[in-house]
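Single-structure report; data block below.
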Amino acid sequence: MASAKRVLVYLSKEASLLQRATFVQNPDGVTVNCGLDHNRFIISDRPFNGSRKAELQRPAFCPIKNLSAEQAASLPEEISGRGVDVGVAILLESVNKRILLTRRSKGLHIFPNVWVPPGGHMEDGEELLDAGLRELQEETGISLRGANLPWSILGLWESASPPLLSRGLPTRHHIVTYLLVSSNETHQELQEKLCPDEQEVSACVWLDQDIAEQIVATGDGEEDSGRKRPGTQTSVM
């Protein structure tokens, strides 16, 4: 069976011709213009038709950032030449300002037991929002497709697997587009619609904005007490 066509990242600088992003090449910590065009996700330093501004970031420990020249040269051609895939993550915000996060199942090969927004790969021919809402429904059971809800791009995040060089050289490289989707329902109403896929999701939690901001502000390597904070509602499968 033929493999599905992948949606890849393309770069343009100073109005140059589009070039497919390489496995170890991407700008970092900059504001870019981004958008889909003919099934290509374009990142450019200049606006283009249909583009939106977003900040592109990656963590300090990102393997792509820390690869030495020798390590990059040692990557097999099927890895180094595969390009950069596009992912979409949905931050679903209820009308009473709660944010949904999900915990990935422990049996998953990539990022098991990690708390993340619902999301995943884009499929051939999809728009960003369509891909995100499809993943939201597949993972949580919440269907918002066709609801015509307001949304915006929060930012772009560079992701690699394995996530640390200490776990091996990277074999997958993604740019994940984070979308904020604002629901007209409360988190209690949305909670009633939750029916998570147990193969992908082991728990769900609704966080208020203050808690979400605390999590984002926590520095790399800082420990948490593990206590449940006020402003959270958790559902464990």
Side-chain angles (χ1 to χ4, degrees), residues 2-10 33-43 47-55 85-105 108 110-111 115-157 159 174-209 212 232-237:
S3 59
K5 186 177 180 181
R6 295 156 56 214
V7 180
L8 298 177
V9 175
Y10 285 76
N33 301 279
C34 62
L36 278 173
D37 181 62
H38 294 90
N39 224 37
R40 302 171 297 186
F41 187 73
I42 299 171
I43 296 176
F48 55 91
N49 185 36
S51 67
R52 298 178 182 232
K53 285 190 176 297
E55 188 170 355
D85 290 280
V86 180
V88 180
I90 289 284
L91 282 162
L92 176 60
E93 182 182 52
S94 66
V95 72
N96 58 329
K97 304 302 181 183
R98 294 290 184 95
I99 300 291
L100 175 65
L101 291 183
T102 60
R103 186 175 64 196
R104 290 171 60 81
S105 294
L108 292 174
I110 300 175
F111 301 128
W115 286 96
V116 294
H121 289 88
M122 290 194 67
E123 295 183 353
D124 185 26
E126 283 187 316
E127 297 295 327
L128 289 170
L129 182 61
D130 294 335
L133 295 182
R134 172 183 53 75
E135 288 286 348
L136 175 70
Q137 183 173 1
E138 290 176 357
E139 294 181 13
T140 72
I142 296 177
S143 177
L144 298 178
R145 287 188 278 188
N148 196 29
L149 297 173
W151 66 282
S152 60
I153 294 180
L154 291 179
L156 308 179
W157 186 253
S159 174
H174 289 79
I175 296 295
V176 182
T177 306
Y178 281 76
L179 307 181
L180 175 66
V181 175
S182 300
S183 173
N184 53 12
E185 297 179 276
T186 67
H187 76 280
Q188 293 96 334
E189 292 171 319
L190 292 167
Q191 178 76 15
E192 293 297 319
K193 300 178 180 180
L194 275 175
C195 184
D197 180 350
E198 295 184 10
Q199 293 186 339
E200 295 196 50
V201 175
S202 60
C204 300
V205 64
W206 294 94
L207 302 176
D208 67 26
Q209 289 184 337
T232 64
Q233 177 178 337
T234 307
S235 174
V236 180
M237 271 55 73

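The analysis underlying the following values was restricted to heavy atoms, covering all of them including side chains, and did not include hydrogens, waters or symmetry mates.
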Indicate yes or no for a side-chain donor-acceptor contact from [X] to the backbone of [Y] under 3.5 Å, with no hydrogens or angles considered.
X: Ser183; Y: Glu93; answer: no
X: Ser105; Y: Glu198; answer: yes
X: Asn39; Y: Gly125; answer: yes

Could you report the tightest heavy-atom contact between [X] and [Y], atom names first, then the distance?
X: Glu139; Y: Gly119; result: OE2-O, 2.6 Å
X: Leu101; Y: Trp115; result: O-CZ3, 3.9 Å
X: Cys34; Y: Phe48; result: C-CZ, 3.6 Å
X: Leu108; Y: Glu200; result: CD1-O, 3.5 Å
X: Glu123; Y: Glu126; result: N-OE1, 2.8 Å
X: Cys204; Y: Pro196; result: SG-CG, 3.9 Å

To the nearest 0.5 Å, tell me how far [X] [atom1] sits from [Y] [atom2].
X: Leu8; Y: Arg40; atom1: CG; atom2: CZ; result: 11.0 Å
X: Ile142; Y: Glu185; atom1: CD1; atom2: CD; result: 8.5 Å
X: Glu55; Y: Leu154; atom1: CD; atom2: CG; result: 11.5 Å
X: Asp197; Y: Ser202; atom1: CG; atom2: OG; result: 11.5 Å
X: Leu144; Y: Ser182; atom1: CG; atom2: OG; result: 11.0 Å
X: Ile43; Y: Asn33; atom1: CD1; atom2: CG; result: 10.5 Å

Worked verdict on Asp37 versus Asn49 for side-chain contact (heavy atoms from CB on, under 4.5 Å): CA-CA 9 Å; Asp37 181 62; Asn49 185 36; over 6 Å; no
Leu36 vs Val86, side-chain contact (heavy atoms from CB on, under 4.5 Å): CA-CA, chis, key distance, verdict: CA-CA 10 Å; Leu36 278 173; Val86 180; 5.9 Å; no
Kindly indicate whether the side chain of [X], heavy atoms from C-beta on, has any atom under 4.5 Å from the side chain of [Y].
X: Ser51; Y: Ile42; result: no
X: Val88; Y: Val176; result: no
X: Tyr178; Y: Leu180; result: no
X: Ile90; Y: Pro117; result: no
X: Leu190; Y: Leu100; result: no
X: Leu133; Y: Leu149; result: no
X: Arg6; Y: His121; result: no
X: Pro118; Y: Glu135; result: no

Six-ring centre of Phe111, Arg104 cation under 6.0 angstrom, axis tolerance 45°: no
side-chain contact (heavy atoms from CB on, under 4.5 Å) between Ile99 and Leu92, worked out: CA-CA 6 Å; Ile99 300 291; Leu92 176 60; over 6 Å; no
side-chain contact (heavy atoms from CB on, under 4.5 Å) evaluation trace for Leu136 with Val181: CA-CA 11 Å; Leu136 175 70; Val181 175; over 6 Å; no
Side chain to side chain contact (heavy atoms under 4.5 Å, CB included) against Asn96, all qualifying residues, sequence neighbours excluded: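 With sequence neighbours excluded, Asn96 shows a side chain to side chain contact (heavy atoms under 4.5 Å, CB included) to Ser94, Arg98, Thr186, His187, Gln188, given in chain and number order.
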Asp130: partners by side chain to side chain donor-acceptor pair (under 3.5 Å), with sequence neighbours left out: none
